[in-house]
Novice: 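After the structure tokens below, expect a handful of questions from me.
Only heavy atoms go into these numbers, but all of them, side chains included; no hydrogens, no water, no symmetry mates. The chains referred to below are lettered A, B, ... by the order of the sequence lines, with proteins before strands, and numbering in each begins at 1.
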Amino acid sequence: MAYETPEPKKKSTGDVSRALLRWYDKNARSLPWRIGPAARKAGKRPDPYAVWLSEIMLQQTTVATVAPRYSEFLKRWPTVDDMAAAPLDDILGQWAGLGYYARARNLHKCAVEVAACGGFPDTEEALRELPGIGQYTAAAVAAIAFDKRAVVIDGNVERVVSRLCAIDTPMPAAKPVIKTQAEKIWPQKRSGDFAQGLMDLGAEICRPKSPSCLICPISSACEALAQGKQEYFPVKAPKKEKPHRKGVIFALINTKGEMLFERRPEKGLLGGMLGLPGSDWAPVPPSKIFESAPLKARWNHIGNITHTFTHFHLMLDVYIAKAPKGFRRVADQKWIAPSQAKLPTVMKKAVSLAMENSRGEK
DNA sequence: TACACGTGGGC
DNA sequence: TGCCCAAGTGT
């Protein structure tokens, strides 16, 4: 018998947005910064400050990581005016461990600007001018907080749309293609719910690995599924190899058991954060190891720690010593009890190793 | 356009 | 263990 399977009925673009919104109405994740679809329909609007804060924290960071940290931020600084009035170092300390510290520096800068203007602007264009707000965040805040129609494209949306339309141009060249296709399915109303629905779909159904196409509300319109190539999209360029870098780092301990920390330069890696003094991080270990030490002392090598950043692997040799009588810290240095220091993770690792080996050094 | 910029969890 | 990935932005 030569009968072919009839082509399944494809949905129109309007059908896709209706199906997605219907799915979102029933399956929206309950998140601390979110007004659910039912309350939203009843007219409840989220606080733009809360939406903005959550969006900044969620940049390249998982929902599971952000949720508790978001609540702490909101409790400490309930309004944008509170945040604007806080010292930058308090923001950075509260941000410690979250990574991408430029977000925290821009968070403060943005809060100051917004507080000075009496509130957040409500258009994508004006939001886009604020520090730390790029194309994605401007669209997200405009849509979610202000109910504006804005095409919100994050990693989830890219994945869903590239599969839906089987876009085989490799990333990031596919971005304009994805934008064009997203524009076609984007509804005029409920833009914020549609964006969040697409993101929930990407997180829970249209996952990077083993997507749950069987329960996907828009599977009948999915070209990737029709081709049996769900996981093939989005097509990505091959990754570059991470280089290895090395350095040394010094833990100086005083008689109170405090450790000497420095505030790192405002720009660049871990900018503005607290860290232990040490060498630069280069492809080779420093030739004159003790030139970067905070003083001449009997430094005791206790081992090394490793850490992988986005773009390189790092190995640091860790040295400890006890501060001699009469040692005076310089301006940007501070004595802090190690348990109380708000540190980036790589520094936490070095401090932990130093603490484990500090018997006899304090 | 390409790269700098963190971290923790999953497999 | 090591690689992939997560609601991106700035330069």
Side-chain angles (χ1 to χ4, degrees), chain A residues 28-29 31-34 46 50-70 92 95-107 109-110 127-145 150-160 170-176 182 192 194-204 206-211 231 234 236-245 264-273 275 281 306-314 343-349:
Chain A
R29 285 178 290 178
L31 301 171
W33 47 84
R34 176 179 283 180
V51 174
W52 162 74
L53 176 60
S54 69
E55 290 301 341
I56 301 297
M57 297 186 93
L58 285 161
Q59 290 169 6
Q60 300 291 287
T61 308
T62 58
V63 165
T65 298
V66 168
R69 304 296 300 269
Y70 164 84
L92 286 171
W95 195 272
L98 276 172
Y100 284 147
Y101 298 97
R103 289 186 294 170
R105 302 194 296 272
N106 285 329
L107 195 72
K109 206 185 294 182
C110 184
L127 286 160
R128 184 68 185 74
E129 297 302 311
L130 291 166
I133 298 189
Q135 185 193 283
Y136 160 76
T137 304
V141 173
I144 297 169
V151 178
V152 183
I153 303 192
D154 75 328
N156 290 300
V157 178
E158 279 177 358
R159 186 169 56 258
V160 171
M171 298 294 290
K175 282 174 182 283
F194 189 72
Q196 294 178 92
L198 232 31
M199 292 190 273
D200 282 14
L201 189 79
E204 304 207 307
C206 197
R207 297 179 299 260
K209 310 279 182 188
S210 55
E231 280 195 36
K236 303 211 171 162
K239 318 262 178 214
K240 289 194 174 166
E241 201 174 329
K242 288 181 169 78
H244 290 260
R245 297 189 196 170
R264 297 173 59 83
E266 189 72 30
K267 297 203 166 189
L269 195 65
L270 312 179
M273 299 299 290
W281 302 338
T306 62
H307 189 76
T308 300
F309 292 99
T310 315
H311 51 300
F312 66 93
H313 302 285
L314 178 65
L343 299 172
T345 299
V346 61
M347 294 298 168
K348 243 187 231 169
K349 290 183 184 176

Novice: Considering only atom C1', compute the distance from C:dA6 to B:dT1 and round it to an integer number of Å.
Specialist: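 It comes out at 23 Å once rounded to the nearest Å.
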Novice: CH2/A:W52 to CD1/A:I56 distance, rounded to the nearest 0.5 angstrom?
Specialist: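 So the gap between those two atoms works out to 6.5 Å.
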Novice: Students often get this wrong, so: under 4.0 angstrom with heavy atoms, is A:L31 touching a base, only sugar-phosphate, or nothing?
Specialist: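 Result for A:L31 = base.
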Novice: Using heavy atoms to find the nearest nucleotide of DNA chain C for A:R159 and A:T137 separately, return the residue whose nucleotide is more 5′.
Specialist: A:R159
Novice: Which residues pass the salt bridge (charged side-chain N to carboxylate O under 4.0 Å, His left out) test with A:E266, sequence neighbours left out?
Specialist: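 A:E266 satisfies salt bridge (charged side-chain N to carboxylate O under 4.0 Å, His left out) with A:R263 once adjacent residues are dropped.
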Novice: I'd like to check the side-chain contact (heavy atoms from CB on, under 4.5 Å) partners of A:A96; sequence neighbours left out, ordered by chain and number.
Specialist: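 With sequence neighbours excluded, A:A96 shows a side-chain contact (heavy atoms from CB on, under 4.5 Å) to A:M273, A:K342, given in chain and number order.
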Novice: Taking the C1' atom of each, how far is C:dA7 from B:dA2, in whole Å?
Specialist: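 C:dA7 and B:dA2 have their C1' atoms separated by 23 Å.
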Novice: Does A:R69 have any salt bridge (charged side-chain N to carboxylate O under 4.0 Å, His left out) partners at least two apart in sequence or in another chain, and if so, which?
Specialist: A:E72
Novice: Could you tell me the boundaries of the chain A footprint on DNA chain C, defined by atoms under 4.0 Å from its heavy atoms?
Specialist: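 Range of nucleotides touched by chain A: C:dC4 to C:dG10.
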Novice: Show every donor-acceptor pair shorter than 3.5 Å between a side-chain atom in residues 57-64 of chain A and any protein atom, with sequence neighbours excluded, or say none if there are none.
Specialist:
unit_1 : atom_1 : unit_2 : atom_2 : d
A:Q59  : NE2    : A:T137 : OG1    : 3.0
A:T61  : OG1    : A:M57  : O      : 3.4
A:T61  : OG1    : A:Q59  : O      : 2.9
A:T61  : OG1    : A:R103 : NH1    : 3.1
A:T61  : OG1    : A:R103 : NH2    : 3.3
A:T62  : OG1    : A:T65  : N      : 3.3
A:T62  : OG1    : A:T65  : OG1    : 2.8

Novice: Rounding to the closest angstrom, what is the interatomic distance between C:dC5 and B:dG6 at atom C1'?
Specialist: 13 Å
Novice: How would you list, by chain and number, every residue that makes a salt bridge (charged side-chain N to carboxylate O under 4.0 Å, His left out) with A:D154, sequence neighbours excluded?
Specialist: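 Partners of A:D154 by the salt bridge (charged side-chain N to carboxylate O under 4.0 Å, His left out) criterion come out as none, since no residue qualifies.
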Novice: For A:R29, give me all partners under salt bridge (charged side-chain N to carboxylate O under 4.0 Å, His left out), at least two apart in sequence or on another chain.
Specialist: A:D200
Novice: Quantified in whole Å, what is the C1' atom distance between nucleotide B:dG9 and nucleotide C:dT9?
Specialist: 24 Å
Novice: Name the residue closer to the 5' end of DNA chain C, choosing between A:N106 and A:L58 according to the nucleotide with the nearest heavy atom.
Specialist: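 Nearest-nucleotide comparison on DNA chain C picks A:L58.
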Novice: Any base atoms under 4.0 Å from A:Q196, or only sugar-phosphate, or nothing? Heavy atoms, all strands.
Specialist: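 Nothing, no nucleic acid heavy atom in range.
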Novice: Name the nucleic acid region contacted by A:W95, choosing base, sugar-phosphate or nothing; use a 4.0 angstrom heavy-atom cut-off, strictly under.
Specialist: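 No contact.
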Novice: Quick one: sort the A:H307 and A:F309 rings into parallel, tilted or perpendicular, breaks at 30° and 60°.
Specialist: perpendicular
Novice: Could you tell me whether A:R207 contacts a base, only the sugar-phosphate backbone, or nothing, with contacts defined as non-hydrogen atoms closer than 4.0 Å?
Specialist: nothing
Novice: Work out how far the P atom of B:dC5 is from that of C:dG2, and round it to whole angstrom.
Specialist: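 The answer is 23 Å between these two P atoms.
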Novice: How does protein contact run along nucleotides 2-11 of chain B, one letter per nucleotide 5' to 3', with B for base contact, S for sugar-phosphate only, - for none, heavy atoms under 4.0 Å?
Specialist: -SSBBBS---
Novice: A:H311: what forms a ring-ring contact (aromatic ring centres under 6.0 Å, His included) with it, not counting sequence neighbours?
Specialist: none
